[in-house]
Amino acid sequence: MYKIVFMRHGESTWNLDNRFTGWTDVDLTEKGVREARSAGTVLKEAGFSFDLAYTSVLKRAIRTLWLTLDEMDMMWLPIKNDWRLNERHYGALQGLDKAETAAKYGDAQVLVWRRSYDTPPPPLAADDPRNSFNDPRYANVAKESIPLTECLKDTVARVMPAWDEEIAPAIRAGKQILISAHGNSLRALIKMLDGISDEDIVGLNIPNGQPLVYELDAELKPIRHYYLGDQEAIAAAVAAVANQGKAR
Ligand SMILES: O=C(O)[C@H](O)COP(=O)(O)O
């Protein structure tokens with residue numbers, strides 16, 4: 001049996017402000033820093049150790065990983081940064097308040113933009129200065145692969161090659177792996193691993209900074225999964241994520 005640990009970054013400044021974030025590179029709040037450190041404590045106390053970590057090229061996931069590893073006294077761990085683990089690109093919604101957007105367009109429309117499998121939010125204009133075409137961190141990415149918006153299906157299409165080409169072979173080679181990523185890049189991975197339908201994926205929400213353990217069989221099919229830590233607090237955090245897109 002193999003084990004892999006997934007973790008969404010700790011609370012970010014735009015999580016706190018309830019803004020659509022996507023590829024915007026915002027940092028952790030103080031609470032997010034505490035969540036990342038506490039994830040390290042929880043992992044250490046549960047006896048986890050790692051050979052390799054993967055994260056995105058966005059600082060909220062990178063810093064979460066650093067703080068978690070610091071807490072585990074494992075800052076020496078090799079880290080692979082892969083843009084394909086980035087958050088789903090939120091298009092022209094990036095920067096907008098989620099509840100205000102729901103008040104303007106309705107809860108149902110915002111649920112479609114946040115959680116539907118194949119309806120992307122409106123795109124950023126190609127000449128919007130917030131596009132990532134000239135950002136040096138994507139210098140090695142083909143321009144046509146750099147999105148202006150993404151639905152979850154688009155995110156699956158970029159996350160799965162990272163899984164198939166990089167992460168799955170490393171698991172098979174016996175590496176213990178920690179992945180620090182984002183709500184929707186993790187939803188994309190989990191959808192594929194667990195074979196969740198396009199309809200049911202709407203109901204999957206991932207809380208900030210909570211280690212999620214997946215046990216996998218020899219074919220890397222999930223046997224079971226569970227969050228480490230305080231289960232009541234985690235259930236409340238999952239419900240809070242679901243409610244972020246509702247008008248107040
Ligand atoms: O990009 C964002 O806004 C969040 O990190 C994930 O947002 P969501 O839960 O609204 O999809």
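Both ligands and their constituent atoms are indexed starting at 1 by order of listing.
The nearest protein atom to atom 1 (O) of ligand 1, hydrogens excluded, is given as Gly22 N, 2.8 Å; this is a heavy-atom distance. Taking atom 7 (O) of ligand 1 as the reference point, the nearest protein heavy-atom neighbour is Lys98 NZ, 3.0 Å. Scanning the protein for heavy atoms near atom 10 (O) of ligand 1, the closest one is Arg114 NE, 2.7 Å. With respect to atom 9 (O) of ligand 1, the closest heavy atom belonging to the protein is Arg115 NH2, 2.7 Å. Counting protein heavy atoms only, atom 6 (C) of ligand 1 is closest to Glu87 OE2, 3.3 Å.
Going from atom OG1 of Thr41 over to atom CE of Met72 covers 9.5 Å, rounded to the nearest 0.5 Å. Expressed to the nearest 0.5 Å, how far CG of Leu65 lies from CE of Met75 amounts to 8.5 Å. Atom CG of Asp27 is separated from atom CH2 of Trp14 by 13.0 Å, given to the nearest 0.5 angstrom. Here the CZ-CG distance, from Arg84 to Leu189, works out to 11.0 Å after rounding to the nearest 0.5 Å.
Of all atoms in ligand 1, listed by their number and element, those nearer than 4.0 Å to a heavy atom of Arg19 are 3 (O). For ligand 1 and Phe20, the ligand atoms under 4.0 Å from any heavy atom of the residue are 3 (O). Taking every non-hydrogen atom of Asn184 and a distance limit under 4.0 Å, the qualifying atoms of ligand 1 come out as 6 (C), 7 (O), 8 (P), 11 (O).
Counting only non-hydrogen atoms, the option in Leu93, Ile206, Thr21, Leu96 that gets closest to atom 3 (O) of ligand 1 is Thr21. Considering only non-hydrogen atoms, atom 8 (P) of ligand 1 lies nearest to Tyr90 out of Trp14, Trp113, Tyr90.
At a 4.0 Å heavy-atom cut-off, ligand 1 touches Arg8 through the side chain alone.
Using a 4.5 Å cut-off on side-chain heavy atoms (C-beta onward), Leu124 and His89 make contact.
Cluster annotation: Ile234 is connected to Phe6 through the hydrophobic network of ILVMFWY side chains, with a link wherever side-chain heavy atoms come within less than 4.5 Å.
In the model, Tyr2 has no side-chain atom that pairs as donor or acceptor with a side-chain atom of Asp217 under 3.5 Å.
Here's the thing with Val241: none of its N/O atoms is less than 3.5 angstrom from an N/O atom of ligand 1.
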Next item on the list: Given side-chain hydrogen bond (donor to acceptor under 3.5 Å, both in side chains), test Asn81 with Tyr54 step by step and report yes or no.
Entry: CA-CA 6 Å; Asn81 295 85; Tyr54 289 87; over 6 Å; no
